[in-house]
Enquirer: 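Can you read through this structure? Questions will come right after.
Order of listing sets the numbers, starting from 1, for every ligand and every atom in it.
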Amino acid sequence: MKDRNLSLRTLCVHGGQSEQGAGPVVNPIYATSTFRFRDAQHGADLFSGKEPGYIYTRMLNPTVKALEDCIAALEEGAYGLATGSGMAATHTTIATLCSAGDHVICSEAVYGPTNTLLTTIMSRLGIEPSIVDTSNLDAVSAAFRPNTRVIFCETPGNPTLVISDIRALAELAHRHNALLVVDNTFMSPILQQPLLHGADIVVHSLTKFLNGHADVVGGIIVVKDQQTYNSFRTVLNHLGGVLPPFEAFLVHRGIKTLALRMQRHCENGRKVAAYLEGHPKIEWVRYPGLPSHPQHEIGRRQMKGPGGMVSFELKGGVQAGRTLMDSTRLCTLAVSLGGVETLIQHPASMTHAGMTSETRLKAGITDGLVRISVGIEDADDIIGDLDQALEKV
Ligand code: LCS
């Protein structure tokens with residue numbers, strides 16, 4: 001389904017589903033590693049690219065392709081490339097765009113392993129990272145070098161929810177002959193479409209809102225043109241971190257309810273953030289939907305909703321936060337995010353423990369910061385659970 005005039009809500013249901021003639025309403029799972037050729041010439045023609053078609057599942061699989069088409073349509077890109085995890089999407093992106101000697105500017109508030117990938121693994125391969133507050137355009141301008149190839153930005157950032165101005169970053173990148181890559185995991189295409197604001201490439205962890213049911217690990221890259229797609233496909237094919245067909249099927253199934261889920265995540269996020277901000281035991285709350293958020297106005301320009309991620313710190317810091325996390329009953333103590341269930345976790349000792357404490361603190365990830373991924377349960381039940389846990393603090 002390629003009709004780009006359809007709304008995002010309709011594309012969630014129909015995107016990537018074959019709709020011509022008689023056949024299944026839901027795309028089947030092509031549980032095959034390889035595809036039979038008609039004859040020797042057909043095999044040779046597929047390999048040489050003379051004829052399009054499926055060869056081998058690492059190279060392309062119809063179930064995975066259907067998901068890629070769906071998400072490319074939702075992001076208003078041209079092509080998608082599904083990967084075995086969100087980290088594989090980021091790795092494949094950097095490996096495609098950069099060579100030894102190139103420089104990458106990366107947001108300081110990103111998922112911890114993204115920082116580690118750039119600062120310890122990619123740097124070992126000769127790709128130099130600068131970790132910068134990408135909400136500060138002067139800091140970004142000052143970080144450019146003649147060899148800068150990429151700005152990698154997560155907005156809102158994990159876990160501080162700092163918002164970067166996508167359009168301004170894209171203009172800066174293009175002025176310096178660099179590309180802007182946006183990790184759109186926290187928003188999903190329902191709440192933010194970075195390509196429409198000038199970004200060149202979007203990556204997602206499919207593990208989160210896009211799948212939405214905490215039962216798949218996956219990732220995707222969305223690009224805007226065929227030439228870029230071809231170079232990414234070649235690298236992904238050789239690095240090998242592809243998404244298997246069963247996982248692609250589950251994510252595609254999850255996306256059918258994405259628009260509905262995001263609406264509820266926003267409603268519940270708003271209620272939980274307002275409740276926490278009004279609680280006497282809370283020191284501060286960060287949520288894009290609160291006027292107290294430092295980049296609230298930029299968020300309103302580029303985001304269609306504030307999402308379901310809330311970060312806060314208790315008066316009493318780390319110890320108070322631990323007591324809270326040990327006292328919730330409905331809010332589950334676990335990492336990951338974006339699923340139907342509410343999860344609570346402690347970034348400094350969990351998702352961002354791999355970063356140095358200096359880098360963490362510079363990024364605003366204080367030792368007492370607690371992060372909630374607000375699910376789609378009844379908001380009163382989530383707040384009731386937080387309330388009884390806060391009583392114990
Ligand atoms: N990008 C963002 C913004 C993320 O939050 C994550 C994972 C990734 C990329 C990597 O995706 P994965 O490889 O796990 O599919 N974030 C996690 C988190 O905050 N808790 O656990 C995982």
Enquirer: Does any N or O of ligand 1 fall below 3.5 Å from an N or O anywhere on T114, backbone included?
Expert: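 By distance alone, the answer is no.
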
Enquirer: Among all protein heavy atoms, pick out the one at the shortest distance from atom 19 (O) of ligand 1; state its residue, atom name and that distance to 0.1 Å.
Expert: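 In this structure, atom 19 (O) of ligand 1 has R371 NH1, 2.7 Å as its nearest protein heavy atom.
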
Enquirer: Give the minimum heavy-atom separation between T185 and F209, together with the two atoms involved.
Expert: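 That would be O-CD1, 3.4 Å.
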
Enquirer: Does the pair D165 and H197 meet the rule for a side chain to side chain donor-acceptor pair (under 3.5 Å), with working shown?
Expert: CA-CA 9 Å; D165 185 333; H197 299 286; over 6 Å; no

Enquirer: My understanding is that only residues two or more places apart in sequence, or in another chain, count here; which of them pass salt bridge (Lys or Arg N to Asp or Glu O under 4.0 Å) with E283?
Expert: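 Scan of E283 (salt bridge (Lys or Arg N to Asp or Glu O under 4.0 Å), adjacent residues dropped) gives none.
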
Enquirer: Parallel, tilted or perpendicular: which one describes the rings of F246 and F249, with boundaries at 30° and 60°?
Expert: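 F246 vs F249 ring planes: parallel.
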
Enquirer: Which of the atoms in ligand 1, numbered in the order shown and given with their element, are less than 4.0 Å from a heavy-atom of E154?
Expert: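 Counting from 1, the qualifying ligand atoms are 3 (C).
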
Enquirer: Would a distance-only check, ignoring hydrogens and angles, find a side-chain to backbone donor-acceptor pair under 3.5 Å from R270 to G289?
Expert: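 A pair under 3.5 Å: no.
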
Enquirer: May I ask you to check whether T155 and S164 show a side-chain donor-acceptor distance below 3.5 Å?
Expert: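 Not at all, the side chains of T155 and S164 share no donor-acceptor pair under 3.5 Å.
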
Enquirer: Hey, what else clusters with L172 if you join Ile, Leu, Val, Met, Phe, Trp, Tyr whenever side-chain heavy atoms sit under 4.5 Å?
Expert: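 I105, V132, L137, V140, F144, I151, I166, L169, L180, V182, which link up through side-chain heavy atoms under 4.5 Å apart, make up the rest of the cluster.
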
Enquirer: Heavy-atom distance to atom 9 (C) of ligand 1: which of L343, D183, V203, V335 wins?
Expert: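 The nearest heavy atom belongs to D183.
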
Enquirer: Among protein heavy atoms, which lies nearest atom 8 (C) of ligand 1, and at what distance?
Expert: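 Protein heavy atom with the smallest distance to atom 8 (C) of ligand 1: Y111 CD2, 3.4 Å.
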
Enquirer: May I ask whether G218 places a heavy atom under 4.0 Å from ligand 1?
Expert: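 Distance cut 4.0 Å: G218 passes for ligand 1.
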
Enquirer: Give me the nearest non-hydrogen protein atom to atom 7 (C) of ligand 1 as residue plus atom name, then the distance to 0.1 Å.
Expert: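 It is K208 NZ, 3.0 Å.
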
Enquirer: Taking both backbone and side-chain atoms of M87, is any N or O found less than 3.5 Å from an N or O belonging to ligand 1?
Expert: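 There is such a contact, yes.
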
Enquirer: For ligand 1, which atoms sit closer than 4.0 Å to a heavy atom of T351?
Expert: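 The atoms of ligand 1 under 4.0 Å from a heavy atom of T351 are 18 (C), 19 (O), 20 (N), 21 (O).
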
Enquirer: Quick check on contacts: which atoms of ligand 1 are under 4.0 angstrom from a heavy atom of L337?
Expert: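 Ligand 1 atoms under the 4.0 Å threshold to L337: 5 (O), 18 (C), 19 (O).
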
Enquirer: Do Y287 and H293 have ring centres separated by under 6.0 Å?
Expert: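 Not close enough - the centres of the two rings lie 6.0 Å or further apart.
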
Enquirer: Using a strict threshold of under 4.0 Å (side-chain N to carboxylate O), is an ion pair present between E128 and R149?
Expert: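 A salt bridge is absent here (no side-chain N lies under 4.0 Å from a carboxylate O).
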
Enquirer: For the residue pair H352 and Y111, does the interplanar ring angle fall in the parallel (under 30°), tilted (30 to 60°) or perpendicular (over 60°) class?
Expert: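 It falls in the perpendicular class, over 60°.
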
Enquirer: Which of the atoms in ligand 1, numbered in the order shown and given with their element, are less than 4.0 Å from a heavy-atom of S85?
Expert: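 Counting from 1, the qualifying ligand atoms are 13 (O), 15 (O).
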
Enquirer: Could you check atom 15 (O) of ligand 1 against the protein and tell me its nearest heavy-atom contact, residue, atom and distance included?
Expert: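 Going atom by atom, the protein heavy atom closest to atom 15 (O) of ligand 1 ends up being T207 OG1, 2.6 Å.
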
Enquirer: Return the closest protein heavy atom for atom 5 (O) of ligand 1 as residue, atom name and distance.
Expert: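 Protein heavy atom with the smallest distance to atom 5 (O) of ligand 1: N158 ND2, 3.0 Å.
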
Enquirer: Of the protein's non-hydrogen atoms, which lies at the shortest distance from atom 21 (O) of ligand 1, and what is that distance?
Expert: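 The closest heavy atom on the protein side is S336 N, 2.9 Å.
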
Enquirer: Any idea which protein heavy atom is nearest atom 12 (P) of ligand 1, and the distance to it?
Expert: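 Answer, as residue, atom name and distance: G86 N, 3.4 Å.
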
